[in-house]
Amino acid sequence: MHIIVPIKQVPEAEELRYDAATRTLAREGVATAINTFDKRALTEAIRLRSMHGGSITAITMGPPQARDALIECLGRGVDRAIHLSDRAFAGSDTLATSRTLAAAIRRLSFDLLLLGKWSTDAETGQVGPELAELLDLPHVTGATAITIMDGNLLVTRETDYGFEEIECPLPALLTAAERLIKPTKTKPPVIEEGHRCLAADPGLIETLSAHDLGIPPEEAGLSGSPTWVAYLRPVVVNRERVRLSGDTRSTVESLLLALRARGLASTGRRTDNALPPPQPPASPDPGRAIWAVAEWLPNGDDVPELRRVSLELASGAARLASLTGGHATSVLLGHGVEPLADALATYGTSRVLLADNPGLALYAAETYAWVLSRAIEKYQPWAVLLPATSFGRDLAPRVAARLGLGLTGDCTGLEIDAEGGLLQIKPAFGGQVVAPILSRTLPQMATIRPGMLDTYAPDLLRKPEIERLDLEWLPESRAKVMKVTQEGEAGLALDNARLVVCVGTGIGGPEALPEVYEFASAVGKWMGLSPEEVAVGGSRKVVDEGWLPRHQQIGITGRAVAPDLYVGLGISGTFNHTVGILRSGTIVSVNTDPDAPIFASSDIGIVADWRQFANEVISVYKSF
């Protein structure tokens, strides 16, 4: 069995600094390391080899210093390595990277491609599905367990709402989730072993150029990339940064008064105060159409339920279409989903392209990509938006690679620039900067994080104009979903929550969680919210410790939230976390450390023991 592990060398995000003069990140002297998700893929590949025999090849694309990462791979036990190194590769976006990797991998025979779910510098997760499409492989992203049996893969895949058990033939491509396996640490003996192996056999690392791969210069690097970064913006947090301390009861009373002054003692921001969606133009320009791909959740035998992000995208598409002169359109794929078209119309996309077929009852990347790609080729919209969820992050790259389109992942906003182009705003490098990204190809494609786009007030008089997509010759997916387990309802609640209480390791341990939920319930009642509008989340460390499931993680590798009120209990507040709470209406944080970074991102910071604070809130909120 031959396993190929593509890896990436990434800078340590916490060491990067933004240079305001050049509007770039200062990288000089910044340490680099193998992407942590790729380390998991390497460790899992070694485990699979120990069980089934065979060999492992590591491959990377990068400058000469990326060779160090391959030496480390040799030290970890990889059999051979390939270094794709050429100045022509500089500036590659994910599609150009995938094309270069595919050109190298086609030279080899293999059974399995195994790489990290995403890289920690760009957080896109696009290379895996794009590479699978270019190599015509079935793929599964976010693998948390892998078994090989009788030439087939049995894979457990994490989703936003639970897990899927998938059967897939070899050869195939898988991406490693954070919970797949604990990676081995990089230690001096590992590096020393890598150098020893290379000294004994210098041919263990093969270096290939664009010429070696038969890639013309105009198709490599920046020239061959359909997207490019216009510039970088530093993340600017505009918060009041009021600090409260001292007697806990007085602090709580001052806090509740401050929140009441902000309108949070009632129901916070109200959607019915928002404007209704704009009316579509009388003669829309078909070449300026904005599409929003809807996502739904299984609901037993009943009609599937739209995720809140689908309504956000419908409103976002309507807003952009009002600026471009095009038509705002939702694309709805599934089985038994036609009734969902009404809700999409009321939030802004009165035109709905519908693909309703039993073969689409369960999401499968290959089948859904076939439907969406054919629709794009037929209608040629100006932009296609998908949710940055386990669904959209899996589907969009496969479609982009099939059609040769630029794709920007995990956007936090969309803007129309002075030239009429679509600026796709994306955080990068642990949230230290945001990068406005432009695309050279049409349609422009982007995935948008839930909670990042405001919704219009629903216009209940709007009725959808439904057009059915041609599903003749609908193919079957090679990766087949055998079982779906829904375990992430508490995480999905974060999508719609108007109050989010988030905990860090500062709460002490999982035994404190009942008190946290009691506190969240009390604050929710004080705000006049229903239980469905209150949610509890956790930092990455909390999830890593197993105190809360992964579906409730908030931050750059978890969920982004946009509640009326966010309350952080025992949260330290690194960039990786705060980038996920940027769109919160009011941020309150409680920490015993007066120098905790979370206070710089808070409207109201409270220096106190979280438990004393929470108990005091519970005891006094009824008097307010």
Side-chain angles (χ1 to χ4, degrees), residues 262-282 284 289-297 303-332 337-353 383 385-389 411-416 448-466 492-500 524 527-535 560-566 582-586:
R262 289 168 171 259
L264 291 169
S266 54
T267 53
R269 299 194 306 263
R270 300 178 61 90
T271 14
D272 55 13
N273 288 336
L275 294 173
Q279 292 298 318
I290 311 293
W291 285 13
V293 179
E295 178 179 358
W296 47 266
L297 298 171
V303 175
E305 178 184 354
L306 280 175
R307 282 191 71 168
R308 174 73 181 180
V309 67
S310 299
L311 306 179
E312 295 168 3
L313 291 180
S315 289
R319 179 180 66 84
L320 290 174
S322 70
L323 300 174
T324 65
H327 207 304
T329 300
S330 277
V331 183
L332 183 56
V337 295
E338 185 170 350
L340 304 180
D342 287 344
L344 296 170
T346 63
Y347 278 86
T349 49
S350 51
R351 180 170 181 251
V352 176
L353 297 178
L385 313 178
L386 296 93
T389 58
C411 293
T412 56
L414 300 167
E415 302 172 7
I416 302 294
I448 318 297
R449 290 188 179 188
M452 294 295 104
L453 301 181
D454 291 325
T455 58
Y456 288 111
D459 180 354
L460 300 180
L461 298 179
R462 286 192 181 220
K463 296 300 177 185
E465 169 197 335
I466 296 177
L492 290 174
L494 292 168
D495 285 354
N496 308 328
R498 302 180 73 178
L499 166 66
V500 169
M527 293 176 65
L529 303 179
S530 67
E532 293 75 23
E533 296 176 301
V534 179
V561 296
D564 298 337
L565 175 62
Y566 164 98
L582 290 176
R583 283 182 54 84
S584 300
T586 297

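Positions are given from 1 along the sequence. Atom set for the values below is all heavy atoms of this structure, side chains included, hydrogens, waters and symmetry mates excluded.
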Rounded at 0.5 Å granularity, tell me how far [atom1] in [X] sits from [atom2] in [Y].
X	Y	atom1	atom2	result
Leu340	Leu332	CG	CG	5.5 Å
Leu313	Ile290	CG	CD1	12.0 Å
Ile466	Ser330	CD1	OG	11.0 Å
Ser350	Lys463	OG	NZ	12.0 Å
Leu414	Leu320	CG	CG	5.5 Å
Leu311	Thr346	CG	OG1	7.0 Å

Where do Arg319 and Asp454 land on the side-chain contact (heavy atoms from CB on, under 4.5 Å) test, with the steps shown first?
CA-CA 10 Å; Arg319 179 180 66 84; Asp454 291 325; over 6 Å; no
If the condition is side-chain hydrogen bond (donor to acceptor under 3.5 Å, both in side chains), which residues does [X] pass it with, not counting sequence neighbours?
X	answer
Arg307	Asp160, Glu295, Asp495
Glu312	none
Ser315	none
Glu338	Arg468

Salt bridge (Lys or Arg N to Asp or Glu O under 4.0 Å) partners of Asp459, counting only residues at least two apart:
Arg462
Listed partners of Glu415 passing salt bridge (Lys or Arg N to Asp or Glu O under 4.0 Å), at least two apart:
Arg233
Test side-chain contact (heavy atoms from CB on, under 4.5 Å) applied to Thr412 and Leu582, step by step
CA-CA 9 Å; Thr412 56; Leu582 290 176; 5.9 Å; no
With sequence neighbours excluded, tell me which residues meet side-chain contact (heavy atoms from CB on, under 4.5 Å) with [X].
X	value
Pro278	Ala318, Ser322, Tyr456
Val293	Val331, Leu372, Val384, Leu386, Phe391
Pro284	Pro281, His327
Ala535	Ala493, Leu494, Ala497

What pairs of residues pass the salt bridge (Lys or Arg N to Asp or Glu O under 4.0 Å) test when at least one of them lies in residues 341-353, not counting sequence neighbours?
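As it turns out, the salt bridge (Lys or Arg N to Asp or Glu O under 4.0 Å) pairs with a partner in residues 341-353, which skip direct neighbours, are Arg351-Glu467.
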Side-chain heavy-atom pair Cys411, Ile448 within 4.5 angstrom cut-off
yes
Student check: side-chain heavy atoms of Leu344 and Pro464 closer than 4.5 Å
no
Where is the tightest heavy-atom contact between Met452 and Val561, given as atom of each residue plus distance?
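Minimum heavy-atom contact is CE-O, 4.3 Å.
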